[in-house]
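Since the structure comes first, as structure tokens, the remarks are kept for the end.
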Amino acid sequence: MSSKDRMLARAARDITPGMTVNLGIGLPTQVMNFVAADCPVCLHSENGIAGVGGLAAPGQANRNLIDAGGGYITCAPGGSFFDSAVSFALVRGGRLDLTLLGAFEVAANGDLANWIIPGKFAAGVGGAIELAQKAKQVGVLTTHIDKHGNPKILERCTLPLTAVGCVHRIYTDMAVCDVRSDGLHLVEIAEGVSLAEVREATGAPLVVADGPMPTF
Amino acid sequence: MSSKDRMLARAARDITPGMTVNLGIGLPTQVMNFVAADCPVCLHSENGIAGVGGLAAPGQANRNLIDAGGGYITCAPGGSFFDSAVSFALVRGGRLDLTLLGAFEVAANGDLANWIIPGKFAAGVGGAIELAQKAKQVGVLTTHIDKHGNPKILERCTLPLTAVGCVHRIYTDMAVCDVRSDGLHLVEIAEGVSLAEVREATGAPLVVADGPMPTF
Amino acid sequence: MPALDKSAGLTEAIARIGDGARVMIGGFGVPGTPFCLIEELVRRGPKNLTIIKNDANEPGMGVDWLLSAGMVKRLITSHVGLNGNAIRMMNAGEIEVEFVAQGILAERIRIAGAGLKGFVSDIGMGTLLAEGKQRLEIDGETYLFEPAIEADFALVHAARADAGGNLVYEATARNFNPLMAMAAECTIAEAETIVPVGEIGPDAVHTPAPFVDHLVALAELPEVYGVVKR
Amino acid sequence: MPALDKSAGLTEAIARIGDGARVMIGGFGVPGTPFCLIEELVRRGPKNLTIIKNDANEPGMGVDWLLSAGMVKRLITSHVGLNGNAIRMMNAGEIEVEFVAQGILAERIRIAGAGLKGFVSDIGMGTLLAEGKQRLEIDGETYLFEPAIEADFALVHAARADAGGNLVYEATARNFNPLMAMAAECTIAEAETIVPVGEIGPDAVHTPAPFVDHLVALAELPEVYGVVKR
């Protein structure tokens, strides 16, 4: 299993029976492939579906059935369609148990920046802000360092925020970290990665409990 | 035709093809019986139907299909059901062309009082306030005098208002009056009723145009 | 992925409602009123409830059972005109009543379901219905702030449901039910018929399953539902 | 009483839209975008439009036709990430763009449809998305006022309609369409199929007929709708 797939599989393990879950565009959407087929989970997409079945097989696409990322999907038995106001009522009203989102930067205090890079990328916030601010649990799924080798986990975000202090857990190819009131806790480490390597790749101090570190 | 039926028939003549109309509880509901069967009108009831067909025949009632007054009704072909938020969106959002309402008192300035008599009757305003304030045209349907012989059309209402300056037209068993910026205009008179009788029974000055007065 | 089965027993579902709970109850008159859930709530007997319902039903029906059992502290409603018992209790100070214009009641419930703080309206300006409400200046004009009405529980009645919790209402029994199902912390639905998951088409769902926590199947409907015994 | 027939010709319906109009357009990506109505609007060519749509479609599709024709003064949207042309025009100052969080956009449209002034929310507090918004003090805390977005016209796409104007959407093509149909002064709907009045069950209607002013029947769908030609 690649380190990316291990990260996706690890995030999928936090999706438990009965949850309603929104998987953000990009990497988070792929977590879907690692949720057990018999796990009773309701996948929400903010363009107006609860009960995403999966990606539509090639040639089987319904032109009216996409997810928020624009990919053709299927509707699972027991799924439903609704308008965009109901869709975000579900998000803001406390019915979304978990969302997994991508990040440009994520901070030790739970701040998330994933929608604008001033002067470079500003195409609108879409649904990210409400997912980040209002899902009961917010997980961030990201490579631990960016393509230039810089840490994506920082003490404080430098980019404009999507939401303040919203992130509960960060899943990367190297580690799982939890945002807590006393700091960013390293709670799991990828197999074959050392604590020193994680510290080196992280732009914020890590709280590490005594005893053996669980791996994934 | 009784003077009551003439009043109902007169009000029905202002319901024209293409209108969406809400008929208030009581007397206004009976206007339905005087709208031509082939007139394309959409009757709304605020408990969640557009396209009231009429009263349900005895023994044919659907236990789930009532109007806001609690009477069993039918749904016309092309009717629809919706929730209470959509129902009042239709009212407040400018999609209700006309409402006909009852009155305790109605004033020459268009003020309407039809929901509370302090110390005697205070059972809640229901949907009346939004109908009165937001329908594009508001008609009041009432006997010209109350059962004690007192006028129901006054210079100013004495009871707490349902809505301020909301009424456009008043239909009674004696007359049709229009609320205009320069006063209350007598625009039609019931057959067999004299102008003096109408003035006598009205608690506000009436503007009367020169020339023959149309009758109904 | 399969849907979670939300089926629950009547007793077990209602047992969650304790003293002081804020309980929304669907229905406009008889249609859409979840009489069986209310009956079990009376049997259970929590006190000091805040009840949010369009109307107080009629004497000897639905909400009136809760009033007569002395379980209601406060009633938020649009009118109680058909229930003389509710009017008597209100006038005697045995219950507090907050009257809200019907569409404003619907919208205050909906805005809670939408996870928002409240909305801004001109409904009631210039009348005593505006008294006591917070005023806001917007674009140089004065408006009223209408706060969201949240609740701990919603009791709703559906004609049909699938085991996963998708609900379909019938005719004017829809009314406040879908709004309340979205607004409460915990939504308990009773359904006349429960069909297997997949039998309700996804375009035909009125209340999507994620808004429903517990689903109670009704046996034969008692007469209070307006069922005519033949 | 019979329903009023809302059927209209494409040219006649769109001819109502003049210079400076505020036009809502349904759709999230391709599904639900009324391409045929947009195409006729381009043919007609009014200028200085304010367009309200979730996204700007992709280059060479839908909203992009209006942008490329120089008909758009202002775009109110949640994101334009799939349309490089829109981003270029925005950066060059050729169009004004107001970005609104997606659910807040939906709700601001909905609140216009509900005939209310606006709503009160905490979405975006502490971020630059809150900048420039009116702040309100409620219960001792600070919230943002989100004004209703009204429009002169809504252009919506339905899968099915009856001649009276009841609309049914399919799958995720529903999205902003029912909200916009309620929010505009004049709603023009295109429908893939128009059935006789009475064929759509009253419980199955998504947008009730009173919200629809003009109904345009579509002939065979062009490929832009995602139709695969076989």
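Keep in mind it's a predicted model, so treat the numbers as computed, not measured. Per chain, numbering begins at 1; letters A, B, ... match sequence-line order.
Note: D/G103 leads D/P31, D/G103, D/A173 in heavy-atom pairs under 4.5 Å with chain A. Contacts with chain A were tallied for D/I123, D/L128, D/V80; D/I123 has the most, counting heavy-atom pairs under 4.5 Å. Of the listed residues (D/E107, D/H206, D/E170), the greatest number of heavy-atom pairs within a distance under 4.5 Å of chain A belongs to D/E170. Of the listed residues A/G126, A/G165, A/A68, the one with more heavy-atom pairs under 4.5 angstrom with chain D than any other is A/G126. Interface summary for chain A: among D/G32, D/A86, D/A101, the most heavy-atom pairs under 4.5 angstrom belong to D/A101. Among D/G81, D/G124, D/A56, D/G29, the residue making the largest number of heavy-atom pairs under 4.5 Å with chain A is D/G124. Residue with the most contacts toward chain A among D/I109, D/D55, D/L179: D/L179 (heavy-atom pairs, distance under 4.5 Å). Among A/L131, A/D67, A/I129, the residue with the largest count of heavy-atom pairs under 4.5 Å with chain D is A/I129.
Nearest heavy atom pair, residue D/T127 against residue A/V164, reads CG2-CG2, 4.4 Å.
More than 12 non-hydrogen atoms from other residues, nucleotides or ligands lie less than 6.0 angstrom from CD of D/E137. Annotation: D/K73, atom NZ; neighbour count of heavy atoms from other residues, nucleotides and ligands within 6.0 Å does not exceed 12. Other residues, nucleotides and ligands contribute only 12 or fewer heavy atoms inside 6.0 Å of the CD atom of A/E200. When the shell of 6.0 Å around CD of D/E185 is examined, it contains 12 or fewer heavy atoms from other residues, nucleotides or ligands.
Against chain D, the residues from residues 84-113 of chain A that qualify, each with a non-hydrogen atom under 4.5 angstrom away, are A/S84, A/A85, A/F88, A/R92 in number order. Within residues 44-56 of chain A, the residues having any heavy atom under 4.5 Å from a heavy atom of chain D are, by residue number, A/E46, A/N47, A/G48, A/I49.
Looking at A/A122, the atoms closer than 4.5 Å to chain D (heavy atoms on both sides) all sit in the backbone: N, CA, C or O. D/M125 touches chain A through its backbone: at least one of N, CA, C or O sits under 4.5 Å from a heavy atom, while the side chain does not. Contacts of A/I66 with chain D are made by both backbone and side-chain atoms, with heavy-atom separations under 4.5 Å.
A/Q133 has its side chain within reach of D/D122: a pair of non-hydrogen atoms, C-beta onward, lies under 4.5 Å apart. Contact annotation: the side chain of A/F81 approaches that of D/T172 to within less than 4.5 Å [non-hydrogen atoms, C-beta and beyond]. Taking the side chain as every heavy atom from C-beta outward, A/R63 and D/V30 never approach each other to under 4.5 Å. With contacts defined as side-chain heavy-atom distances shorter than 4.5 Å, the pair D/Y169/A/N64 does not qualify. In this structure, A/D83 and D/N175 have side chains that are not in contact, with every pair of non-hydrogen atoms separated by 4.5 Å or more.
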